[in-house]
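Notes to accompany the following structure.
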Amino acid sequence: MEQACSFFDEMMGDGDAPREPYRDYQDWVGAEDPARLRKKTVEAEVFFRRAGITFNVYGREEAAERLIPFDIVPRIISAREWARLSRGIEQRVRAINAFLHDIYHRQEILRAGRVPIELIAENEAFLPQMIGVSPPGNIYTHIVGVDIVRTGEHQFMALEDNARTPSGVSYMLENRETMLQMFPELFTRIRVQPVSDYPKSLRRSLGACGPEVCDGRPVVAVLTPGIHNSAYFEHSFLADQMGAELVEGHDLRIVDGRVAMRTTRGFTPIDVLYRRVDDDFLDPLNFRPDSLLGVPGVMDVYRSGGVTIANAPGTGIADDKAIYSYMPEIVEFYTGEKAILENVPTWRCSEPDALHFVLEHLAELVVKEVHGSGGYGMLVGPAASKKEIAAFRAKLKARPANYIAQPTLSLSTVPVLTKAGLAPRHVDLRPFVLVAPDRIDITPGGLTRVALKKGSLVVNSSQGGGTKDTWVLEE
Amino acid sequence: MLGKTAGGLFWMFRYLERSENTARLLDAGFRIALTRSLSAEDEWASVVTTAGGKQAYGEKHAQFTAANVIDFLLRDRANPSSVMSVIEAARNNARLVRTALTREVWEAVNESWMTLKALLASPVRERELPEVLGTIRQQSALVRGALHGTMLRNDIYDFARLGTFLERADNTARILDVKYYVLLPSVSFVGSSLDNVQWETILRSVSAQRCYRWLNAGDANPMGIADFLILDRRLPRSLAFCYSRIVDNLTYLAEDYGERQTCHDQAEAVYRRLKGNSIEALFDSGLHEFIEEFIRDNTALGAQIEEDFRFYG
């Protein structure tokens, strides 16, 4: 195994012996023929291709469908570690929902001066159309992905909140499916908490949020931008697994104050619309008039209680990275407790002292746009050239409030299988949270993303990242 | 079910059926080219015409050579009915209706697409043709097997079957449309060896040569062949067989949905004409006119199904 330098390795810890959660796996993998394991990697690829678990790359005809590389070494978390982590996630997600409700109603947190009003007033994701709207069960974000990084034995931190439309859950499920097919013997040796209930829980959570007009079993539909969207596989996968219809904007129409889908027998009302279309494109009458992906008038139906939209429009304010920096205050304000899950220390460049510090230390920091996502529009200081830093400095000075900065994190590593054997690579984790009026479900584990390039800290699939199956062990 | 989904299923199975039919036409054409090299060019021309590609072919090629026809029918993206084009269209429709398919059916279609894409990545040489055509037929059998073995018999299945049989009826009718003249009684040709080859080709292009031999103890005659392809309800590619299935599947839909539509009356009218007819009467009133009318009615039925079940709005 290559030497892991100053990073926390989740398999080997600091010493030569594997950490407790990895002990049984280490026994197994140590006895396996490396050639057989490499063959399994090829098998996994065939499995993904055949099942069509691909994502679309825009604008490239030839390589239009790509696989996200899958590594066959699982990332393993103990039951105890997970219990603590999930308590922190649950608390954070409750706070996010309370925050969203507050922002679109009385705005107590702004009046109390705990979050500056500019952060809302200047937030592109804030929707005036949502003011005073109370969605069923007061739930704004039904499906949340909280990105978690680990830097030490006990250091888990939230890196980002995805309260808008988190994606990747189909990979979590298919990764497990693949592992079960390829290594059945491992799952008889090691007891891993199942993830396969997710679609059922998703159906139940969405069903529990039906609008008042619905008096039977709620009709759920997944709204996709269509077959060319990069996440289309996930949209069809989730609809399929839930037994819900997969609809596009042109299948829908407003009929008698309800959102209805065109079936072979006429129009049928939908109660809950799990939309995977961004706010801007949802309703050409209320938002972008040129959008062909949405349904004209759906916002009016929503506001009058004729349909539930999940996640609610306007939840994107919670994904904002400047808002993120206030998350410890937000958690405390709404739950009355200290945040269990820590934040990564964050400098808000809107504050003069912080800006001064960031400009002095650009080469060491990671600087992000407050509205950015997917690893775009950010500066990774230690990996950037002098020229890139200079260019970024100019952008930062021009619009300081558009940026936040964080220290370059020592992300933990987990081994991946390389041609030369196991080698440590940096990982993060996106657990998936489902919020219903009466309960919060967190699927044990989540999607582990791994930077496949040696030393790289960028785990995004658009930039050479892969995924792993994530195991939470039974007690 | 969404109207869009019904349309996606209908077309997915039309395209799959078409890929198999094109492979079969090529097989029959290849056979005649091998055994009758003098009439090969005419034969290739009629294969392209039957496959509905006469115009598109003419825009690219001046002559009907084996290499050009094979490439046009198997690989050419400019030909919307080439095997590669229709497999891709079938797979795109399968992605669109993924939620209506079992995992087995989806994977069979997806694997067909992957297999044929690799197989047809470069031009197919004549000596590879039998194997390539065999693979195409095999892939289509795998999808059909997955469909029969795993799908619920509900409206999803009905739309899939409607697509299959409408396309198949169209294909058999086109073969007859192009070849009807060799089936007409004509003193000068009776018993000539050319006719025998042509009759064999017709049977071969609907995979019916063996069945026909069984039933007729090897005695081939044009009226018998026409009867077999048009009116015999035992042959799975005959017009009568296709329409008995179309009427069945439409009837299931009417029972399921509790209402009959215009398309039900249309399909039954076509079926009555096939059921209540004798081949002698059909020849008397004009074989070609009958076939042309059938093709028109079949196309109209497809459009009516689209409308009645709201495929597009």
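So you know, we letter chains A, B, ... as the sequences are listed, proteins then strands, and number each from 1.
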**Asked** With a 4.5 Å limit on heavy-atom distance, are the side chains of B:R95 and A:I227 in contact?
**Response** yes
**Message:** Quick check for you: to the nearest 0.5 Å, what is the distance between A:F47 atom CZ and B:E107 atom CD?
**Reply:** 7.0 Å
**Message:** Just checking A:E43: does its CD atom have more than 12 heavy atoms from other residues, nucleotides or ligands closer to it than 6.0 angstrom?
**Reply:** yes
**Asked** Mind checking whether B:F159 and A:T264 have side chains closer than 4.5 Å, heavy atoms only?
**Response** yes
**Message:** I'd like to verify something: which residue of A:T224, A:L246, A:T268, A:V222 has the highest number of heavy-atom pairs under 4.5 Å with chain B?
**Reply:** A:L246
**Item:** Residue among A:Q241, A:R49, A:M261 with most heavy-atom pairs under 4.5 Å to chain B
**Value:** A:R49
**Complete:** Turns out that what part of A:V247 lies under 4.5 Å from chain B's heavy atoms comes down to both
**Prompt:** A:R253 versus chain B, heavy atoms under 4.5 Å apart: side chain, backbone, both or neither?
**Reply:** neither
**Request:** Indicate the atoms forming the closest heavy-atom contact of B:K4 with A:R262, along with that distance.
**Result:** N-NH2, 3.8 Å
**Prompt:** Relative to chain B, which segment of A:E248 carries a heavy atom at a distance below 4.5 Å: side chain, backbone, both, or neither?
**Reply:** both
**Request:** Count the heavy atoms of every other residue, nucleotide or ligand shown that sit under 6.0 Å from CD of A:E185, and state whether that count exceeds 12.
**Result:** yes
**Prompt:** Say you draw a straight line from CZ of A:R265 to CG of B:L253; how long is it, rounded to the nearest 0.5 Å?
**Reply:** 10.0 Å
**Prompt:** Side chains of A:D240 and B:R98: does their closest heavy-atom pair fall under 4.5 Å?
**Reply:** yes
**Asked** Does any heavy atom of chain B fall under 4.5 Å from the side chain of A:Y232, the backbone, both, or neither of them?
**Response** side chain
**Message:** Is any side-chain heavy atom of B:L2 closer than 4.5 Å to one of A:E245?
**Reply:** yes
**Prompt:** Is the number of heavy atoms from other residues, nucleotides or ligands under 6.0 Å of A:R217 CZ greater than 12?
**Reply:** no
**Item:** Enclosure of A:L67 CG (heavy-atom neighbours >12, cutoff 6.0 Å)
**Value:** yes
**Item:** Segment of B:N93 engaging chain A (4.5 angstrom heavy-atom cut-off)
**Value:** neither
**Message:** If you compare all heavy atoms of A:A239 against all heavy atoms of B:T99, which two are closest, and at what distance to 0.1 Å?
**Reply:** CB-CG2, 3.7 Å
**Prompt:** Should the pair A:R50-B:E104 be classified as a salt bridge under the 4.0 Å nitrogen-to-oxygen rule?
**Reply:** no
**Prompt:** If you round to the nearest 0.5 Å, how far is OG1 of A:T263 from OH of B:Y257?
**Reply:** 7.0 Å
